[in-house]
2 protein chains.
Amino acid sequence: MARGSTRPTSRDVAQAAGVSQAAVSLVLGDKWRGRVSEPTAQRVRDAAHRLGYRPNLAARNLRLGRTRTVLLVVPALTTEFFAEVYTGAARIAAEHGFGVVLYPSPEGVGPARDPFASARAALDGVIASSMAADALTAIRGDQLPLVMLDSDPEGSLGAATVNLDITDGIRQVTEHLLALGHRRFLHLAADVPSWTFDIRARELAARLAGTPGTTLRTAHAPISIEGAQAATETALAAPGPRPTALVCDDDKLAAGAYKAARRAGLRVPDDLSVTGLDDLGLATAIDPELTTVRLDAELFGERGMHALLAVMEGQTPQEGDIPVHLVVRGSTAPPPQD
Amino acid sequence: MARGSTRPTSRDVAQAAGVSQAAVSLVLGDKWRGRVSEPTAQRVRDAAHRLGYRPNLAARNLRLGRTRTVLLVVPALTTEFFAEVYTGAARIAAEHGFGVVLYPSPEGVGPARDPFASARAALDGVIASSMAADALTAIRGDQLPLVMLDSDPEGSLGAATVNLDITDGIRQVTEHLLALGHRRFLHLAADVPSWTFDIRARELAARLAGTPGTTLRTAHAPISIEGAQAATETALAAPGPRPTALVCDDDKLAAGAYKAARRAGLRVPDDLSVTGLDDLGLATAIDPELTTVRLDAELFGERGMHALLAVMEGQTPQEGDIPVHLVVRGSTAPPPQD
DNA sequence: CCCGTGAAGTTTTACGTATAACGTGTCCCG
DNA sequence: CGGGACACGTTATACGTAAAACTTCACGGG
């Protein structure tokens with residue numbers, strides 16, 4: 001307890017153990033194979049424990065020139081999806097002695113010019129969702145190792161990418177609905193400028209274009225229950241034959257669509273089949289339970305972290321999209337007979 | 001661009017501007033009132049900008065002995081509630097030049113003994129939810145300024161607390177249901193050892209004990225839709241007169257209860273009134289929309305951060321619980337006539 | 001007997017920053 | 001005309017750690 005209230009330093013430990021500060025560093029850093037005798041090492045460990053010594057991270061980071069800390073930039077935490085991504089990334093990071101700091105949606109937090117003013121920790125690398133791509137330029141300027149999640153492989157300027165196989169997910173949804181007999185589709189699209197949403201529209205359109213006798217209309221909505229409800233209501237009120245299958249970009253949109261359908265006097269799935277994408281907890285909370293595409297968010301985070309570790313080592317990360325799979329529940333059924 | 005690939009330091013900037021490193025520090029630190037001439041200051045700023053200089057946080061933290069970074073410990077991010085708490089805390093923090101680092105649920109992340117191994121950043125203070133109280137002892141050992149969220153004012157060992165007025169929330173729920181005519185209550189309690197859940201049970205029991213002719217039963221469930229569904233199903237299948245009002249500790253529990261009611265052939269709210277607590281997005285996604293208690297999570301985070309700032313200044317934080325209010329939606333109605 | 005070798009440490013240095021302490025020159029006032 | 005006072009800087013130092021470079025001693029082989 002050297003003096004006063006300041007935390008003990010390695011020098012205090014050294015003094016208490018009767019050795020030099022260097023010896024403390026060696027012992028506690030586990031670098032003492034043939035440098036320090038076992039009894040002395042034990043004395044050091046005892047003293048450190050007795051004083052409640054905790055190394056000063058700032059000093060260590062300064063000395064080592066790295067922080068073993070990585071930033072995860074996500075669009076927002078209003079969905080559990082990115083919470084799971086975090087969990088997966090943090091697990092892998094911890095296995096490699098790294099920590100993960102979360103940087104959620106910049107809306108209203110910190111000065112817009114420098115989104116990292118609030119992420120004060122110095123960083124060794126960044127994992128960023130493409131849905132928060134506006135922060136990307138600032139990161140590139142820092143020359144930090146970067147991995148993008150769900151980003152256009154062409155457009156990410158050489159940064160490594162880890163993607164979910166959303167294209168295949170939409171294909172599975174479409175096949176499922178076509179097999180049930182649906183022909184008139186409505187796509188409820190997220191009103192968010194992001195590659196990961198663009199490919200949904202692209203794949204759905206491509207698949208239906210290859211199937212004669214099908215029609216596809218599109219409605220756009222912000223990712224919120226109210227927004228989705230409003231957009232679906234106007235889309236369903238449009239003239240012409242009513243769609244029988246509603247493909248939503250996201251589970252939350254589907255939840256809003258349920259409400260619109262109910263208000264329009266339509267029953268899910270008898271009058272209208274609805275599909276989502278994500279498989280959040282929400283999917284089984286609503287009635288009927290939602291047919292959706294399960295994304296393994298935790299694995300997504302793990303793969304993202306693995307990729308970043310590879311980039312930081314100067315290696316090339318593993319290739320290949322993460323598979324997804326359709327979960328059929330009660331919100332899809334054959335279309336009503338006209 | 002001193003040499004190679006290392007980031008420019010303040011010394012590089014000094015050299016480029018033709019001044020000493022100290023001058024750079026003064027100018028960039030805005031401490032140069034009468035110490036450096038305006039033209040020189042401008043030269044320094046230009047050089048810094050030209051080289052893309054960014055101060056080394058580790059060195060600054062070491063020098064200043066503080067990090068302007070605060071930790072927010074939350075039980076998990078599987079609910080948007082704590083995401084909003086974060087948003088509020090981060091806003092206030094940013095206004096005071098602080099950053100907030102999130103530390104979600106330790107489940108499976110990092111060694112259990114030291115929950116902060118993965119929060120590598122050095123910290124100036126901690127805001128912790130009582131739902132993650134197991135981490136509390138480790139924090140106290142570090143002598144860090146600490147603010148507890150929703151914690152027993154008696155039992156938090158002198159740490160400052162910021163609480164939502166849950167007691168009043170439960171009172172409002174109970175009054176509402178009593179006014180509708182309900183007499184047989186079932187309490188679906190979260191199976192989580194935390195003061196914030198204890199007081200729900202306490203207040204509900206106290207209020208009903210003061211009202212003759214009422215009965216109260218209790219079921220416990222983990223906070224998940226499946227868990228709540230299972231617990232509610234067994235509780236509803238119990239012998240004796242069926243409860244007409246189901247008070248849930250949490251919106252997610254209510255969503256599970258909906259499913260149990262439906263499976264038991266009961267309609268909400270005609271046969272069974274259900275209430276929640278939180279007012280998450282989930283509350284309006286389910287049908288009928290949930291009568292619940294709205295908690296202002298963002299304000300909660302703001303107040304938590306304000307309290308922590310006060311504690312760090314050695315002051316006493318503002319007293320007083322945060323008000324909450326009942327939101328009446330479609331899940332409550334008068335009890336069925338026997 | 002002498003030198004090499006290995007164990008068991010210690011001394012020293014550097015990381016990049018903020019700031020206290022210390023020069024300069026110039027001007028103004030008594 | 002001498003010496004503060006002020007403007008404009010610079011030099012030096014400390015923060016706590018990790019690790020390279022150095023010291024000391026004992027021992028064993030040729």
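- Following rounding to the nearest Å, Arg68(B) (CZ) and dT17(C) (P) show an atom-to-atom distance of 18 Å.
- Between the side chain of Arg35(B) and the base of dT10(D), at least one donor-acceptor pair of N or O atoms lies under 3.5 Å.
- For dG9(C), one of the phosphate oxygens OP1 or OP2 lies less than 4.0 angstrom from a side-chain nitrogen or oxygen of Ser37(A).
- The line from CG of Asp296(B) to CD of Glu84(B) is 8.0 Å long, rounded to the nearest 0.5 Å.
- Within 4.0 Å (heavy atoms only), Val24(A) reaches no atom of the nucleic acid at all.
- Comparing Asn56(A) and Thr40(B), the nucleotide of DNA chain D nearest to each residue sits closer to the 5' end for Thr40(B).
- Counting only heavy atoms from C-beta outward, the side chains of Asp124(B) and Pro145(B) never approach each other to under 4.5 Å.
- Remark: Glu95(A) pairs with Arg91(A), Ile92(A) by the side-chain contact (heavy atoms from CB on, under 4.5 Å) rule, at least two apart or across chains.
- Using a 4.0 Å cut-off, no side-chain N or O of Ser20(A) falls inside it from OP1 or OP2 of dG9(C).
- Whole-Å rounding puts the Arg7(A) CZ to dG16(D) P distance at 10 Å.
- Between Ala41(B) and Leu64(B), the residue anchored nearer the 5' end of DNA chain D, judged by the nucleotide with its closest heavy atom, is Ala41(B).
- Protein atom OH of Tyr53(B) is 10 Å distant from nucleotide atom P of dG16(C), rounded to whole Å.
- Atom CZ in Phe98(B) sits 8.0 Å away from atom OG1 in Thr67(B) (nearest 0.5 Å).
- Between the P atom of dG16(C) and the CD atom of Gln15(B) lies a distance of 14 Å, rounded to the nearest Å.
- Within a 6.0 Å sphere centred on CD of Glu319(B), other residues, nucleotides and ligands contribute 12 heavy atoms or fewer.
- For the pair Arg11(B) CZ and dT17(C) C1', the computed distance is 9 Å after rounding to whole Å.
- Residues Gln42(B) and Arg45(B) meet the side-chain proximity criterion, which asks for heavy atoms closer than 4.5 Å.
- Between Asp12(A) atom CG and dT17(D) atom P the separation is 9 Å, expressed in whole Å.
- With dT10(C), dT11(D), dT17(D) as the candidates, the nucleotide lying closest to the side chain of Thr9(A) is dT17(D).
- The side-chain contact (heavy atoms from CB on, under 4.5 Å) test applied to Gln15(A) returns no partner, not counting sequence neighbours.
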*What is the per-nucleotide protein-contact pattern of nucleotides 23-29 of chain C, from the 5' end, where B denotes a base atom under 4.0 Å from a protein heavy atom, S denotes such proximity for sugar-phosphate atoms only, and - denotes neither?*
-------
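- The distance between atom CG of Leu62(B) and atom P of dG16(D), rounded to the nearest whole Å, is 7 Å.
- Taking atom CG of Leu26(A) as the reference point, atom P of dT17(D) lies 14 Å away to the nearest angstrom.
- Listed nucleotides: dT10(D), dT17(C), dT17(D). Nearest to the side chain of Pro55(B): dT17(C).
- Residue contacts shown for Gly34(B) include a base, since a base heavy atom lies under 4.0 Å away.
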